[in-house]
2 protein chains.
Amino acid sequence: MIKNDIVLAIERKTGFSRVKALKMVELILNSMKEALSNNEKIEIRGFASFKIVPKKSGFGRDIRRKKQIKIKGGKRVKFRPGQDLKKL
Amino acid sequence: MIKNDIVLAIERKTGFSRVKALKMVELILNSMKEALSNNEKIEIRGFASFKIVPKKSGFGRDIRRKKQIKIKGGKRVKFRPGQDLKKL
DNA sequence: TAGGACAATATCGTTTTTGATCATCCGCAT
DNA sequence: ATGCGGATGATCAAAAACGATATTGTCCTA
């Protein structure tokens, strides 16, 4: 499923134009991205929760050179599936 | 951020009623849940991708009794943040 | 608005992810 | 429909998530 599939579903179930449906999807996704940008967690019962956590891992690995690489800390988005997504 | 915050954002930016805005959010979330239920992966550039991966059955631990517990295999939703969510 | 359903937390050993990079694949805006 | 920019996969070691359960906290439907 790609973004367009969601847009088509909206279009089909609401009668909205494709452009309007796309706008809806973008609005929602942008709201979520913005919240996460502000280090805000998102919790949607029955779907999932997203939360910003500090990144602590310090080493990775370079395949080609087969050597360890330093990884600078930062932030990550931690995803936790909700109930509906746990019992698939 | 909770579901209602998204609904309010939609309401504010589109002028939709709260009920209609809620319906939009539900539609989108349900589309995604349905896709995952069908073992379909979801990929939305700039946001994230979700994919069903098999869960290996193994062992866990019961805190109270301090004993091992059997964990039956199954499916999990694997989340991978997109570019916009990686450079927060 | 209130209560019922759902999520967070803590714990420990095993399973899974992370992270850089390049080549290949593909979403999606034009 | 086409191309550009973004996503995937592979690799290895270290770091983090997962799982059951009861309790505490909170989302969200009626």
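Protein chains get the first letters and strands the later ones, always in sequence-line order, with residue 1 at the start of each.
Looking at residues 19-49 of chain B, you'll see B/Glu43, B/Ile44, B/Arg45 sit with a heavy atom under 4.0 Å from some atom of DNA chain C.
The environment of NZ in A/Lys23 is sparse: at most 12 heavy-atom neighbours from other residues, nucleotides or ligands sit within 6.0 Å. The environment of A/Glu34 atom CD is sparse: at most 12 non-hydrogen atoms of other residues, nucleotides or ligands sit within 6.0 angstrom.
Closest-nucleotide positions on DNA chain C for A/Asp84 and A/Ile2 were compared, and the one nearer the 5' end corresponds to A/Asp84. In terms of position along DNA chain D, the nucleotide closest to B/Phe50 lies nearer the 5' end than the nucleotide closest to the other residue of the pair B/Lys75 and B/Phe50. Of the residues near DNA chain C, B/Lys78 and A/Gln83, the one whose nearest nucleotide (by heavy atom distance) lies more toward the 5' end is A/Gln83.
Taking 4.0 Å as the cut-off between side-chain N and carboxylate O, A/Glu43 and A/Lys51 do not count as a salt-bridged pair.
Rounded to the nearest 0.5 Å, atoms CG (B/Asp84) and CG (A/Leu36) are 11.0 Å apart.
Here A/Arg80 lies in heavy-atom contact (under 4.0 Å) with a base. As judged by a 4.0 angstrom heavy-atom cut-off over every strand, B/Lys86 is placed among residues making no nucleic acid contact.
The nearest whole Å value for the distance from the CZ atom in B/Phe79 to the C1' atom in D/dT8 is 16 Å. Rounded to whole angstrom, the span from the CE atom of B/Met1 across to the P atom of D/dT26 amounts to 18 Å. When rounded to the nearest whole Å, the span between CG of B/Leu85 and P of C/dT18 equals 13 Å. Atoms CZ (B/Arg76) and P (C/dT15) sit 14 Å apart, rounded to a whole Å.
Below 30°, between 30° and 60°, or above 60°: for A/Phe79 and B/Phe79 the angle between ring planes is below 30°, a parallel geometry.
Here the closest non-hydrogen pair linking A/Met32 and A/Ile42 is O-CD1, 3.5 Å.
Note on B/Lys51: every side-chain N or O is 4.0 Å or more away from OP1 and OP2 of C/dT17.
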